[in-house]
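The structure appears below as structure tokens.
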Amino acid sequence: MGEPHVELEQLYGPEFAADPQGVYARLRRYGPIAPVEISPGITAMLVTDYRAALDLLHDTVTWSKDPRKWQESVPEDSPILPMIGWRPNVMFNDGDVHARYRQAITDGFERIPPHELRTMVVGIADSLIAGFGADGQADLMGQFARLLPLKLFNRLFGLPDSYSDRLISSIAGMMEGDPAEASAANEEFQGYISELISAKKHVRGRDLTSWFLDHPVGLNDEEVTHQMVLTMAAGHEPTCNLIGNALARMLTDDRYYSTLSGGALTPRDAIQDVLLNEPPICNYSAHFPRRDVFFHGTWIRTGQLVMVSYTAAGAAHGRTGEGAGAGGSGASGSGGGAHLAWSAGPHSCPVPRAALLIATTAIERLCAWLSDIELTVPHDRLTYRPGPFHRALTELPARFTPISPGQAGETPWDSRDTGHSGNGRAEAEGESTPAP
Ligand code: HEM
């Protein structure tokens with residue numbers, strides 16, 4: 001008699017998007033690690049326990065981030081490969097290769113002073129708010145949260161705002177289900193990146209592209225391209241979702257109600273709540289054991305795909321006693337305890353402070369200009385995009401008292417900046433960033 005057929009929990013369908021906590025509750029019945037299906041026919045083991053997650057994320061002797069062996073058995077057209085397939089970038093390499101790529105990225109972000117980053121976010125947020133403020137209603141995902149990080153990256157990598165539409169349309173196209181559109185959009189994105197690199201090779205500016213090109217670790221052009229693509233991809237999706245999920249909480253939880261007119265809980269509290277309870281990246285950290293390993297009660301075969309559920313393993317899920325604190329784990333937390341929203345260990349998010357500053361500033365600007373925003377649908381009618389990796393609202397429809405450019409007092413139309421290139425100091429120092 002064969003093994004009884006076990007239905008695996010699917011993390012890619014509408015059921016998971018509608019009720020992830022229900023799925024995690026069922027997965028926990030397996031113990032600290034459970035089998036799941038992340039795409040049709042592609043299975044993985046998912047860690048749902050905090051201590052097991054930390055053990056995996058810190059143990060680089062047992063676990064590798066390199067998927068190349070695993071990938072041999074995955075069809076080339078699998079929709080999972082853009083998220084887990086190998087590339088010469090920081091996410092899919094180990095040891096010295098990983099450290100070299102990561103150094104270029106962290107040093108690049110270190111060179112952006114926080115006050116300049118904030119000024120840029122304020123300018124971009126205000127220009128987006130000016131785009132819909134007079135309408136009295138907006139989809140705060142499609143018209144705000146999803147646009148702001150890309151407009152910011154367009155600038156941080158050194159292009160004037162006139163180029164950001166190209167970046168936005170190519171990224172949006174890549175996320176479409178239609179494979180023909182996704183492939184055309186991917187080409188458009190590659191074109192954007194390669195033109196940007198050639199322009200910067202010609203004349204450097206004070207921007208991440210130039211700093212990657214000149215970094216002492218000596219990245220070649222292909223490596224620069226891959227670190228740029230990865231930084232934009234890894235930064236865009238979670239930052240949109242951090243802003244969106246935090247706004248959704250603020251607009252539906254009475255404790256935040258008065259925040260909008262100066263009250264109890266702040267945008268920072270909403271963001272912390274999201275990091276603890278609804279991480280923007282819910283499951284990721286693809287790892288592969290270098291040998292067969294008995295891990296928290298389960299045998300894992302060499303090269304098998306294992307991922308971490310930051311949401312299921314996070315602080316808000318019944319962890320008590322030893323191991324429940326942030327101490328020395330690399331996981332972050334404050335007030336409400338540790339969480340894994342930035343992951344942990346050598347591959348944890350390299351720029352959490354920048355990401356927090358971006359999300360907090362964006363939400364503060366929105367609340368400052370539109371003091372009476374409210375959702376136009378009840379919270380339980382909000383929908384989320386399917387997919388195993390993100391917790392992403394499809395839209396966030398809201399209404400507010402319209403504002404207009406002609407009204408008394410300051411408005412976002414006065415404050416928005418003109419969208420010059422570079423990071424704010426370039427023009428003052430007489431540098432110019434040539435457009436490709
Ligand atoms: C400015 C925005 C951001 C940028 C540029 C960025 C960049 C990156 C990069 C380059 C990595 C790969 C690090 C490595 O493999 O060594 C990474 C990992 C990660 N980031 Fe971020 N990130 C941003 C925002 C966020 C946000 C808002 C979150 C969620 C709150 C987040 C969560 C993560 C997680 C969970 C990982 C680990 C992924 C994995 O190992 O599979 N990031 N990020």
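Atoms within each ligand, like the ligands themselves, are counted from 1 in listed order.
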| So among Asp66, Asp59, Asp94, which one has a salt bridge (Lys or Arg N to Asp or Glu O under 4.0 Å) with Arg290? | Asp94
| task | Kindly state whether the ring of Phe92 and the ring of Trp86 have centres lying under 6.0 angstrom apart. | result | no
| query | Counting heavy atoms only, which of Met83, Arg102, His236, Met307 comes nearest to atom 16 (O) of ligand 1? | reply | Arg102
| query | Between His390 and Pro280, is any pair of side-chain heavy atoms under 4.5 Å apart? | reply | no
| request: Can you pull out the closest protein heavy atom to atom 10 (C) of ligand 1? Residue, atom name and distance to 0.1 Å, please. | output: Leu230 CD1, 3.6 Å
| query | Which is closest to atom 8 (C) of ligand 1 by heavy-atom distance: Pro350, Ala286, Ala355? | reply | Pro350
| Between Asn241 and ligand 1, which part of the residue brings a heavy atom under 4.0 Å of the ligand: side chain, backbone, both or neither? | neither
| said: Among Tyr384, Phe389, Tyr24, which residue satisfies the ring pair (Phe, Tyr, Trp, His ring centres under 6.0 Å) criterion with Phe16? | reply: Tyr24
| Enumerated ligand 1 atoms positioned under 4.0 Å from heavy atoms of Pro346 | 16 (O)
| request: State which residues pass side-chain hydrogen bond (donor to acceptor under 3.5 Å, both in side chains) with Asp139; sequence neighbours excluded, sorted by chain then number. | output: none
| message | So, using side-chain hydrogen bond (donor to acceptor under 3.5 Å, both in side chains) as the criterion, who are the partners of Thr360 when residues are at least two apart? | response | none
| query | Between Arg385 and Glu395, does a salt bridge (Lys or Arg N to Asp or Glu O under 4.0 Å) hold up when you go through it step by step? | reply | CA-CA 9 Å; Arg385 284 194 352 248; Glu395 53 178 18; over 6 Å; no
| message | Can you name the atoms of ligand 1, numbered from 1 with element, that are less than 4.0 Å from a heavy atom of Met91? | response | 12 (C), 15 (O), 38 (C)
| field | Pro149 heavy atom under 4.0 Å from ligand 1 | value | no
| request: Would you check if Ile38 and Tyr12 make a side-chain contact, meaning some heavy-atom pair closer than 4.5 Å? | output: no
| At what distance is the nearest protein heavy atom to atom 3 (C) of ligand 1, and which residue and atom is it? | Gly235 CA, 3.3 Å
| note | Within the 4.0 Å heavy-atom cut-off, what Tyr310 brings close to ligand 1 is side chain
| remark: closest protein heavy atom to atom 42 (N) of ligand 1 is Cys349 SG, 3.2 Å
| said: Checking the N or O distance criterion of under 3.5 Å, is ligand 1 in contact with Lys65? | reply: yes
| said: Tell me the protein heavy atom at minimum distance from atom 6 (C) of ligand 1, and give that distance in Å. | reply: Val351 CG2, 3.6 Å
| request: Can you pull out the closest protein heavy atom to atom 31 (C) of ligand 1? Residue, atom name and distance to 0.1 Å, please. | output: Trp342 CE3, 3.7 Å
| Heavy atom of the protein closest to atom 15 (O) of ligand 1 (residue, atom name, distance) | His347 ND1, 2.8 Å
| query | What's the shortest heavy-atom distance between Leu375 and Leu251, and which atoms? | reply | CD2-CD1, 3.6 Å
| said: Taking atom CD as the centre, does Gln190 end up with more than 12 heavy-atom neighbours from other residues, nucleotides or ligands that are less than 6.0 angstrom away? | reply: yes
| query | Quick one: does Phe109 get a heavy atom under 4.0 Å from ligand 1? | reply | yes
| Per-atom contacts of ligand 1 with His98, taking only distances under 4.0 Å to non-hydrogen atoms | 14 (C), 16 (O)
| message | Tell me the nearest of Ser285, Ala359, Pro280 to atom 41 (O) of ligand 1, using heavy-atom distances. | response | Ser285
| Protein contact to atom 2 (C) of ligand 1 [nearest heavy atom, distance to 0.1 Å] | Thr239 OG1, 3.5 Å
| message | Closer than 3.5 angstrom, by distance alone: can the side chain of Asn89 be matched with the main-chain N or O of Leu230 as a donor-acceptor pair? | response | no
| Identity and distance of the protein heavy atom lying nearest atom 29 (C) of ligand 1 | Ala341 O, 3.6 Å
